[in-house]
Amino acid sequence: MRKKRFYKNVKRNQKWTEDVQGRRIDFADKYADGGIYSDKFDYLRPKKKSRSRKLEAYRRIQKLLKLVPILILAFAMLNLGYAGMSVYMKRNAMPDISGAGEYSQGGFNSASLELNAQRIEIASLDGSDILNSVLSQAQEDSYNGVAFDIKRSDGTVSYKSSLANIDAFGATAFAANDLPGSAAIFEQRNIFAVGIVYCYLDGLAPSADGSMAVLNDDGSLYEDSRGNTYLNPDSELAYSYIRDIIAEIYGQGVSVFLLRGLELPDDISGSYNDGFEALAKRLYGDIGTDIKLLEAVDISIDEDDLNNISEIISNDLNDSQTYYITTSADKALTKEKLEESGISSYILVEQ
């Protein structure tokens, strides 16, 4: 059976509503009649509540008061950060470049170093676990540098050298396992690596090659009252030997050198151009000013001297000097007394 449709199309397209009255509403109608326009339904629309000026001012003050604790906290954190950075800078002794030195050409040599260092054994320079342990302890004790022998007073050197003279003299003894790798770790830890070089005092090279040695008038090898021998400060061969050692170590990552054994004995010193100034001038000229050469000022302190350090040490160093302090007293206590006395540049050596 066929279903009956509810809608029929019999009267499709026929008008069944009443005729449209009036005219279409145009968007611009509200601008007609000289701009006079009214909306009879305006009273039904929600209105924004007006606020008095006093209420607005009060609320602005409330917002500002909420910011005060945040500003105080930010200021406190800023001061804490500066304090922490100050401690870090002091502990790690960033160089204070305070003007030109005698040899200054705008290089590292003109830096004034507040060096608080301790001497370590060359066996520690293994570039790994032993060195990391030594450096961690140094930082814990607030040292910003460590010093180690490069050329000893007996004439031996403590690193693996490629220099022909050192090989010919058989001068290598108890060498560091990994000096370049250790130097890289020093740099990562922001710790100064200081190479100690005995310059003219040498117990090996003068006897191996008399042409670079201090000799007596009869041509025999000069020896002082303790049997020590010396390289000749006026010998070009002796100077080249010292220069090449420092240049080789600089190439392996060490840029601070403490020069010792610079003065010849009193009975012959006036006959030679010895001393720090003459040697440093030549070394800076040949190697460059990206190294720092320091003159050692030797001081010996025992336990009885700890309360009188200011009387023992004058603390009048120039930018090219540092104290080389040998002590038989407790090292931590000695360091504390040095700092209380205002001693700002030293290398501490256990006796």
Side-chain angles (χ1 to χ4, degrees), residues 80-96 111-150 158 174 176-179 181-197 253-258 260 292 294 296-310 312-313 315 317 319 321-351:
L80 182 62
Y82 276 116
M85 181 59 69
S86 177
V87 172
Y88 176 84
M89 293 289 286
K90 182 177 180 180
R91 178 168 291 187
N92 291 280
M94 298 302 290
D96 173 25
S112 176
L113 303 184
E114 291 189 355
L115 186 66
N116 306 321
Q118 63 175 341
R119 182 183 176 276
I120 63 173
E121 294 299 328
I122 200 67
S124 301
L125 302 183
D126 65 344
S128 59
D129 296 338
I130 297 176
L131 181 63
N132 281 320
S133 176
V134 170
L135 295 186
S136 295
Q137 187 62 50
Q139 287 181 311
E140 184 177 335
D141 294 339
S142 298
Y143 289 102
N144 63 17
V146 292
F148 46 86
D149 291 334
I150 292 298
S158 60
F174 305 105
N177 289 330
D178 185 8
L179 180 55
S182 299
I185 294 176
F186 285 122
E187 185 175 359
Q188 293 170 5
R189 296 288 194 92
N190 292 318
I191 290 182
F192 289 114
V194 183
I196 302 172
V197 179
V254 178
S255 56
V256 181
F257 297 90
L258 181 75
R260 304 197 70 208
K292 179 68 176 180
L294 296 171
V297 178
D298 291 342
I299 299 289
S300 181
I301 295 176
D302 57 29
E303 191 171 353
D304 295 334
D305 297 325
L306 292 182
N307 293 324
N308 302 307
I309 285 181
S310 58
I312 299 171
I313 303 178
N315 200 21
L317 301 180
D319 288 347
Q321 293 177 316
T322 191
Y323 289 111
Y324 188 84
I325 302 174
T326 304
T327 182
S328 58
D330 179 75
K331 191 167 61 173
L333 183 58
T334 303
K335 183 178 188 299
E336 180 181 339
K337 293 296 184 179
L338 288 171
E339 292 177 350
E340 287 177 359
S341 301
I343 309 302
S344 59
S345 183
Y346 58 86
I347 295 173
L348 201 56
V349 184
E350 287 184 308
Q351 196 169 26

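Computed from a predicted structure; not experimentally measured.
- Distance check: Ser128 OG to Ile185 CD1 gives 7.0 Å after rounding to the nearest 0.5 Å.
- Asp298 has its side chain within reach of Arg260: a pair of non-hydrogen atoms, C-beta onward, lies under 4.5 Å apart.
- Between the side chain of Ser328 and the backbone N or O of Gln351 there is no donor-acceptor pair closer than 3.5 Å.
- Atom CG of Asn116 is separated from atom CZ of Phe192 by 10.0 Å, given to the nearest 0.5 angstrom.
- By the 4.5 Å heavy-atom criterion applied to side chains, Asp149 and Phe174 are not counted as neighbours.
- The residue from Asn308, Ile313, Thr326 that alone fulfils the side chain to side chain contact (heavy atoms under 4.5 Å, CB included) condition with Ile301 is Ile313.
- Counted within 6.0 Å of CD on Glu340, heavy atoms from surrounding residues, nucleotides or ligands total more than 12; the atom is thus considered enclosed.
- Looking only at side-chain heavy atoms (C-beta outward), Ile299 and Tyr346 stay at 4.5 Å or farther from each other.
- Interatomic distance, NZ of Lys335 versus NZ of Lys331, reported as 10.5 Å (0.5 Å rounding).
- In this structure, Lys337 contributes its side chain and Ile309 its backbone to no donor-acceptor pair below 3.5 Å.
- Around atom CD of Glu187, no more than 12 heavy atoms belonging to other residues, nucleotides or ligands sit under 6.0 Å away.
- A heavy-atom distance below 4.5 Å is found between the side chains of Arg189 and Ser136.
- With contacts defined as side-chain heavy-atom distances shorter than 4.5 Å, the pair Ile120/Leu125 qualifies.
- A donor-acceptor pair is defined here as one N or O able to donate and one able to accept, closer than 3.5 Å; such a pair exists between the side chain of Thr327 and the backbone of Ala329.
- You'll find the side chain of Tyr143 stays beyond 4.5 Å of the side chain of Ile191, heavy atoms only.
- Looking at Arg119 and Tyr324, their side chains come closer than 4.5 Å, going by heavy atoms from C-beta outward.
- Atoms CD1 and OG1, on Ile325 and Thr334 in that order, are 8.5 Å from each other to the nearest 0.5 Å.
- Val254 places none of its side-chain heavy atoms less than 4.5 Å from the side chain of Ile150.
- The two residues Ser182 and Gly127 come nearest to each other via the heavy atoms OG-N, 3.0 Å.
- Glu114 contributes atom CD, which lies 11.5 Å from atom CD1 of Ile343 (distance to the nearest 0.5 angstrom).
- The heavy-atom pair separating Ser341 from Ser310 by the smallest distance is OG-N, 4.1 Å.
- Checking Asp319 against Ser112 by side-chain atom types alone, a donor-acceptor pair falls below 3.5 Å.
- When Ile347, Val194, Leu135 are each tested for a side chain to side chain contact (heavy atoms under 4.5 Å, CB included) with Val146, only one passes: Leu135.
- Here Leu338 contributes atom CG and Ser345 contributes atom OG; the two are 11.0 Å apart, rounded to the nearest 0.5 Å.
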